[in-house]
Engineer: 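Here's a structure for you.
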Amino acid sequence: MSWLWSLFRFVLILGIGFIIIRPILQQISVAFKSPEDIYNPTIYMIPVHFTLENIKNALDILNYWPLLRNTLLFVVSTTLMATASCALAGYGFARFEFPGRNILFACVILTILIPASTLMVPMYLHFRNFDVFNLVTLFTGREGLNLLNTYWPSIIMAAFGVGLKSGLYIYIFRQFFRGLPKEIEEAALIDGAGGIRTFLMIMLPNAIPPIITVLLFAFVWQYNDTFYASLFMTNSELMANSVAALPANVNQQLPRLLGIEGTEVRADPNHVAMIVDTGVLLSIAPLIILYLFVQRYFVESVERTGIVG
């Protein structure tokens, strides 16, 4: 009966795996389909007429390579800043006793529970007239700096630990640092190390698992973020904004690429859908490649951060 149970598990895992990756397989199939294959009912996954025109058109409409460069530069920068600030905050909550610590940590937990959309208006107004301690008003007489349609809102929030999903990252670091033995810090204190030096030289090197976890979470969520991108950076060249506007851009630019611009003939809606699906596939391709290289480290790091178990 053991072989029967093994067969059942294999079929079950295979079926669940196929359900999960089926949308990606369909997008890969569509990316290489010719428009004449759209209405062929005998074609399911494997195209009859292979073509690279869908990929070429999607790359052209998205302006893909400059867009990817700008997006990766922005995402990597905010990811590193969010990881550093949240690690410092998590260490503070885990190891230091100060008045109001529990209340502040409860506020951190609330940032995980409260939907970001409820804070949309206050955040928009805050960065519409950004001012710290009214210094801008004091020295210039202006109401504040307009940081909208720039990268600064996300950069500022990531640097100070209040960015996208930062509450969860702080919680991850806090749980991990609480699990480390205090004797490590006591030994560093005897050797004359202060709090910052202990954090940088002792605690961070031991915190590789949560660092990897937070880095990957922050990278993927920042890369896919549409809420802050549409709220603060409407006109910025980011992948999330371009993918959101992709259907409209394909409808507008595809006739030009097909050489039917200036006529009353419009592109086939199904052909437009093929280009949109191809563009979406290109947008998630960096994440798929990243997962292929780091999935083993990611699983191991999650198991050791105190999130589970």
Side-chain angles (χ1 to χ4, degrees), residues 14-76 79 216 219-230 233-295:
L14 184 64
I16 294 175
F18 178 75
I19 292 173
I20 294 173
I21 66 173
R22 181 174 177 268
I24 298 178
L25 294 177
Q26 285 185 319
Q27 286 186 314
I28 295 174
S29 173
V30 167
F32 295 100
K33 275 185 180 179
S34 174
E36 57 190 291
D37 289 344
I38 299 175
Y39 300 103
N40 188 341
T42 63
I43 297 176
Y44 176 58
M45 280 288 187
I46 303 177
V48 174
H49 304 90
F50 284 87
T51 180
L52 297 176
E53 285 299 314
N54 294 333
I55 297 177
K56 180 181 177 182
N57 291 335
L59 290 173
D60 192 344
I61 294 172
L62 282 172
N63 193 21
Y64 184 76
W65 297 113
L67 177 67
L68 181 63
R69 183 187 65 245
N70 294 338
T71 302
L72 290 180
L73 180 61
F74 168 73
V75 170
V76 169
T79 296
L216 293 177
F219 183 91
V220 172
W221 281 331
Q222 189 68 64
Y223 186 92
N224 290 325
D225 173 57
T226 58
F227 177 76
Y228 288 115
S230 60
M233 302 167 283
T234 307
N235 300 326
S236 300
E237 293 293 326
L238 294 177
M239 190 68 72
N241 290 339
S242 297
V243 170
L246 187 58
N249 291 336
V250 173
N251 273 307
Q252 182 180 4
Q253 300 185 38
L254 187 58
R256 172 181 60 84
L257 297 175
L258 297 178
I260 57 176
E261 188 178 14
T263 68
E264 295 183 358
V265 179
R266 295 187 177 182
D268 186 348
N270 289 321
H271 190 189
V272 170
M274 292 177 66
I275 305 300
V276 172
D277 285 345
T278 304
V280 172
L281 178 64
L282 291 173
S283 71
I284 65 175
L287 300 181
I288 297 175
I289 295 172
L290 176 67
Y291 176 77
L292 293 176
F293 282 100
V294 303
Q295 57 91 16

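The figures here come from the full heavy-atom set of this structure, side chains too, leaving out hydrogens, waters and symmetry mates. Starting from 1, each residue takes its place in the sequence as its number.
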Engineer: Please enumerate all residues that pass side-chain contact (heavy atoms from CB on, under 4.5 Å) together with Phe227, with sequence neighbours excluded.
Structural biologist: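 Once residues adjacent in sequence are excluded, the partners of Phe227 under the side-chain contact (heavy atoms from CB on, under 4.5 Å) criterion are Ala116, Ser117, Met120, Met123, Asp225, Leu231.
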Engineer: Quick one: does Tyr64's side chain have a donor or acceptor within less than 3.5 Å of a partner on Leu282's backbone?
Structural biologist: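 Judged by distance alone, yes, a pair lies under 3.5 Å.
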Engineer: Report yes or no: does Asn54 contribute a side-chain atom to a donor-acceptor pair with the main-chain N or O of Val30 at less than 3.5 Å?
Structural biologist: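 Between the backbone of Val30 and the side chain of Asn54 there is a qualifying donor-acceptor contact (under 3.5 Å).
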Engineer: Which atom names give the shortest non-hydrogen contact between Phe219 and Leu72, and what distance separates them?
Structural biologist: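 Minimum heavy-atom separation between Phe219 and Leu72: CZ-CD2, 3.8 Å.
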Engineer: Can you tell me how far CG of Asn70 sits from CE of Met239, rounded to the nearest 0.5 angstrom?
Structural biologist: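 The CE atom of Met239 sits 9.5 Å away from the CG atom of Asn70.
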Engineer: Which heavy atom in Leu281 sits nearest to a heavy atom in Gln27, and how many Å separate them?
Structural biologist: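 Scanning both residues completely, I find the closest heavy atoms to be CD2-O, 3.8 Å.
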Engineer: Test your reading of the model: is there a side-chain donor-acceptor pair from Thr226 to the backbone of Ala240, 3.5 Å cut-off?
Structural biologist: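 Here the side-chain-to-backbone pair does not exist.
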Engineer: Can you confirm whether Val280 sits close enough to Val243 that some side-chain heavy atom of one is under 4.5 Å from a side-chain heavy atom of the other?
Structural biologist: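 They are in side-chain contact.
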Engineer: Does the side chain of Pro47 come within less than 4.5 Å of Ser29's, by heavy atoms?
Structural biologist: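 The answer is yes, as the side chains (C-beta and beyond) meet within the 4.5 Å cut-off.
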Engineer: Do Thr79 and Tyr223 have side chains that get closer than 4.5 Å, going by heavy atoms?
Structural biologist: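 Counting from C-beta outward, Thr79 and Tyr223 never come under 4.5 Å.
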Engineer: To check you understand the geometry: which heavy-atom pair defines the closest contact between Asn241 and Met233, and what is its length?
Structural biologist: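 That closest heavy-atom pairing would be ND2-O, 2.7 Å.
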Engineer: I'd like to check the side-chain contact (heavy atoms from CB on, under 4.5 Å) partners of Ile43; sequence neighbours left out, ordered by chain and number.
Structural biologist: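 Per chain and number, Ile43 pairs via side-chain contact (heavy atoms from CB on, under 4.5 Å) with Lys33, Asp37, Asn40, Val48.
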Engineer: Where do Ile38 and His271 come nearest, in terms of heavy atoms and distance?
Structural biologist: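 Nearest pair, atom of Ile38 first, then His271: CD1-N, 3.8 Å.
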Engineer: Of all the heavy-atom pairs spanning Ala244 and Pro247, show the shortest one and how long it is.
Structural biologist: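 Between these two residues, the closest heavy atoms are O-CD, 3.8 Å.
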Engineer: CG of Leu67 to OG of Ser236: how many Å apart, nearest 0.5 Å?
Structural biologist: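 One finds 11.0 Å between CG of Leu67 and OG of Ser236.
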Engineer: Count the heavy atoms of every other residue, nucleotide or ligand shown that sit under 6.0 Å from CD1 of Ile288, and state whether that count exceeds 12.
Structural biologist: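 Yes.
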Engineer: For residues Ser34 and Phe50, determine if any side-chain heavy atom of one lies less than 4.5 Å from a side-chain heavy atom of the other.
Structural biologist: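 Side chain of Ser34 against side chain of Phe50, heavy atoms only: no contact under 4.5 Å found.
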Engineer: Show every side chain to side chain donor-acceptor pair (under 3.5 Å) that has at least one partner inside residues 276-292, sequence neighbours left out.
Structural biologist: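 Qualifying pairs, neighbours excluded: none.
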Engineer: Can you tell me how far CD1 of Ile275 sits from CG of Leu246, rounded to the nearest 0.5 angstrom?
Structural biologist: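 Answer for the CG-CD1 pair, Leu246 versus Ile275, is 9.0 Å.
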Engineer: Can you tell me how far apart CD1 (Ile21) and CD (Gln26) are? Round to the nearest 0.5 Å.
Structural biologist: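 Rounded to the nearest 0.5 Å, the CD1-CD separation comes to 11.0 Å.
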Engineer: With sequence neighbours excluded, tell me which residues meet side-chain contact (heavy atoms from CB on, under 4.5 Å) with Phe293.
Structural biologist: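 So Phe293 forms a side-chain contact (heavy atoms from CB on, under 4.5 Å) with Ile289.
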Engineer: Look up atom CD in Glu237 and atom CG in Asn63, then write down how far apart they are to the nearest 0.5 Å.
Structural biologist: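 Here the rounded value is 7.0 Å.
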Engineer: Looking at Leu238 and Ala229, what are the two nearest heavy atoms and their distance?
Structural biologist: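 Heavy atoms only, the tightest pair is CD1-CB, 4.4 Å.
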Engineer: Considering residues at least two apart in sequence or located in another chain, which fulfil the side chain to side chain donor-acceptor pair (under 3.5 Å) criterion with Gln253?
Structural biologist: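 Result, side chain to side chain donor-acceptor pair (under 3.5 Å) vs Gln253: Arg256.
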Engineer: Could you check whether any side-chain N or O of Thr51 sits under 3.5 Å from a backbone N or O of Glu53, counting only pairs where one atom can act as donor and the other as acceptor?
Structural biologist: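 Such a contact is found between Thr51 side chain and Glu53 backbone.
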Engineer: Asn224 side chain to Val220 main-chain N or O, any donor-acceptor pair under 3.5 Å?
Structural biologist: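 Yes.
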Engineer: Partners of Phe74 by ring pair (Phe, Tyr, Trp, His ring centres under 6.0 Å), sequence neighbours excluded?
Structural biologist: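 So Phe74 forms a ring pair (Phe, Tyr, Trp, His ring centres under 6.0 Å) with Tyr151.
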